[in-house]
Number of protein chains: 2
Amino acid sequence: MAYLDRTSETIGQQRVTGRAVREVAKTPTARVQRHEQHHVIFYEGDQAERIFELQDGIVMLYKLLPDGRRQVVEILNRGMIFGTAGGERYDCSAETLTPVRLAVHDRREVDASAVLQSHVAKCLMSQMERLHEHAMLLGRKSAMERVASYLIRMVPNRGGEGCTGPLSETCDPHDLVLTMTRQEIADYLGLTIETVSRVISELKRRGVIRLERQDRIHVTRVCGLCQLTGIH
Amino acid sequence: MAYLDRTSETIGQQRVTGRAVREVAKTPTARVQRHEQHHVIFYEGDQAERIFELQDGIVMLYKLLPDGRRQVVEILNRGMIFGTAGGERYDCSAETLTPVRLAVHDRREVDASAVLQSHVAKCLMSQMERLHEHAMLLGRKSAMERVASYLIRMVPNRGGEGCTGPLSETCDPHDLVLTMTRQEIADYLGLTIETVSRVISELKRRGVIRLERQDRIHVTRVCGLCQLTGIH
DNA sequence: CGAATAATTGAGGCCTATCAAACCGCGTGG
DNA sequence: CCACGCGGTTTGATAGGCCTCAATTATTCG
């Protein structure tokens with residue numbers, strides 16, 4: 001998976017991977033922001049003046065079409081970077097899915113600091129892999145495979161290449177909590193809310209999962225779920 | 001669009017955007033590679049030891065599922081970076097669509113060089129925007145919108161936000177050459193080869209395009225095409 | 001406890017995939 | 001020169017998966 005070996009170093013701490021870099025950034029002490037759940041951090045089209053590092057919580061990035069269709073393009077968790085922009089403006093909106101804590105950097109500050117740029121590069125490489133994986137999901141997977149892939153991602157040590165299949169010990173049942181509504185999941189997976197719901201019901205019917213509550217899922221057969229993702 | 005303001009600086013030239021960075025990379029003179037059309041530069045799963053910058057030509061990155069389904073995740077052109085990896089191995093394969101010239105860097109070389117990292121970060125930010133755009137295409141657009149979006153990308157100054165619509169002067173007819181086969185286009189757009197073909201035929205029928213040859217398209221009505229992309 | 005919101009379920013239709021066949025351009029060789 | 005074969009493309013018929021619209025049920029919260 002994408003976020004395996006990213007050490008959870010924060011920008012503020014100024015740790016550097018690889019060879020030491022003599023140049024030290026001027027004002028590396030990032031401002032810290034906190035936001036409640038369902039708070040929009042910035043909108044698509046806003047002037048891209050800041051770059052954010054997610055210290056805690058979950059953030060989603062999404063894009064809209066003029067007619068209202070929405071695509072959630074990234075789900076970010078601890079340690080990931082967002083607010084990077086190729087041009088002048090943000091290409092997507094950023095909204096919190098949980099309460100979050102952010103490290104905020106001015107864009108110019110990042111441009112000027114080799115340490116920050118290095119850190120950003122590292123993070124972006126990992127995030128790019130997740131985007132590739134997600135392109136595969138959106139372009140080539142069935143609804144069942146998409147939902148299974150989505151769920152398995154929340155089971156630690158599962159869903160990746162290293163997933164050794166049924167022989168592994170990690171096939172135990174597992175509980176997980178959904179931080180996204182059906183609508184948000186649908187917009188992430190390129191499906192409709194109804195299809196997501198139907199697939200979840202089908203998974204229940206097959207005995208792969210059990211719903212404790214709408215947002216609490218007990219995965220009875222982790223391996224069964226894994227085999228539905230299309231990657232085995 | 002993603003690749004508007006990327007200056008076409010190459011890594012080897014050692015130019016730095018933003019504030020000057022005192023630290024100079026040790027061996028910034030990249031090795032140069034050339035490859036023919038349809039040559040695989042690396043495979044998904046290979047040890048990720050090198051990072052590439054595309055100096056000339058076109059490269060595609062793709063992922064495969066065990067059952068053979070393929071998703072082309074990126075189409076790269078001049079100035080773009082690939083071969084970046086979050087982990088030990090490449091998450092996708094890289095194949096040339098035309099003859100190409102590459103600047104090749106050892107991964108450790110990049111890790112050690114602030115200048116290179118900075119350059120990589122810049123490029124990745126732009127490429128990430130393209131991936132977001134593509135996620136929208138794959139998740140939310142119809143076949144017609146996908147093909148129209150694909151074609152309009154090859155018309156300079158079109159398809160982006162700044163596309164001012166029919167009032168603009170740039171509505172002239174335009175010729176373009178496809179570097180991808182129908183199969184590659186289909187795998188990029190998350191469609192089948194038949195659907196791509198049918199949509200192209202439909203565009204012919206509507207008088208939006210004309211096929212000079214299978215890989216040469218004359219866009220009769222650029223604005224008409226633009227309006228079919230879903231972004232207007 | 002009841003209203004508002006979110007999720008599920010059902011019926012039907014559309015869009016795209018699938019399977020199959022025809023077509024086209026092009027190089028080869030009789 | 002033209003038949004031939006080959007790979008890629010187009011077109012057709014059909015089926016199926018997911019979307020749409022609508023109604024019902026569950027959940028949340030005042």
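First the proteins, then the strands, lettered A, B, ... as listed; each starts at 1.
- Here C:dT5 presents its C1' atom at 11 Å from CD1 of A:I193, a figure rounded to the nearest Å.
- Put simply, the residue from A:L137, A:V147, A:I152 that forms a side chain to side chain contact (heavy atoms under 4.5 Å, CB included) with A:T229 is A:I152.
- In terms of heavy-atom proximity, B:P156 sits nearest to B:H174 at CD-NE2, 3.4 Å.
- Whole-Å rounding puts the B:R69 CZ to C:dT18 C1' distance at 14 Å.
- Note: CG (B:D67) to P (C:dT18) measures 10 Å, nearest angstrom.
- Using a 4.0 Å cut-off between charged side-chain N and carboxylate O, A:E184 and A:R182 make no salt bridge.
- For the segment residues 199-211 of chain A, the set of residues with a heavy atom within less than 4.0 Å of an atom of DNA chain D is empty.
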Protein proximity profile, nucleotides 17-25 of chain D - base contact B, sugar-phosphate-only contact S, no contact -, cut-off 4.0 Å on heavy atoms:
-SSBBB---
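- In this entry the distance linking CD of B:Q183 with P of C:dT18 reads 11 Å, nearest Å.
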Evaluate the criterion side chain to side chain contact (heavy atoms under 4.5 Å, CB included) for residue pair A:L178 and A:R216; output intermediate values, then yes/no.
CA-CA 6 Å; A:L178 302 181; A:R216 293 197 117 78; over 6 Å; no
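- Here the shortest heavy-atom pairing between B:V73 and A:A135 reads CG1-CB, 4.0 Å.
- Scanning both residues, A:A103 and A:Q55, for their nearest heavy atoms gives CB-NE2, 3.6 Å.
- Ion pairing between B:K63 and A:E133 holds under the 4.0 Å rule for side-chain N and carboxylate O.
- Counting any heavy atom pair closer than 4.0 Å across all strands shown, A:S197 reaches a base atom.
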Between the protein and nucleotides 21-28 of chain C, list every N/O to N/O distance that falls short of 3.5 Å.
none

Decide yes or no on side chain to side chain contact (heavy atoms under 4.5 Å, CB included) for A:H132 and A:M128, but give the supporting numbers first.
CA-CA 6 Å; A:H132 290 167; A:M128 192 148 294; 3.7 Å; yes
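- Ion pair A:R78/A:E53 not flagged as a salt bridge, since none of the NZ, NE, NH1 or NH2 atoms sits closer than 4.0 Å to an Asp/Glu carboxylate oxygen.
- Minimum interatomic distance between A:I81 and A:T84 (heavy atoms only, all atoms of both residues): CG2-CG2, 3.7 Å.
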Which atom pairs link the protein and nucleotides 5-7 of chain D when you take only N or O atoms and keep those under 3.5 Å?
none

What's the verdict on ring pair (Phe, Tyr, Trp, His ring centres under 6.0 Å) for A:Y188 and A:H134, showing C-alpha distance, side-chain angles and the deciding distance?
CA-CA 9 Å; A:Y188 182 50; A:H134 202 58; 4.1 Å; yes
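- Each of A:E44, A:E95, A:E74 was scored for a side chain to side chain donor-acceptor pair (under 3.5 Å) with A:Y62, with one residue passing: A:E95.
- Salt-bridge check for A:D187 with B:R140: passed, with a basic side-chain N closer than 4.0 Å to an acidic carboxylate O.
- Considering only residues two or more places apart in sequence or on other chains, A:R206 meets the salt bridge (charged side-chain N to carboxylate O under 4.0 Å, His left out) condition with A:E202.
- Regarding B:L178, its CG atom lies at a distance of 15 Å from the P atom of D:dG8, rounded to whole Å.
- Atom CE of A:M180 is separated from atom P of C:dA6 by 15 Å (rounded to the nearest Å).
- In this structure, the helix from C:dC1-D:dG30 to C:dG30-D:dC1 shows an angle of 30° between the axis at its start and the axis at its end, each fitted on 5 base pairs and rounded to 10°.
- Ring geometry for A:Y90 versus A:F42: interplanar angle under 30°, hence parallel rather than tilted (30 to 60°).
- Here the closest non-hydrogen pair linking B:V155 and B:V222 is CG1-CG1, 4.2 Å.
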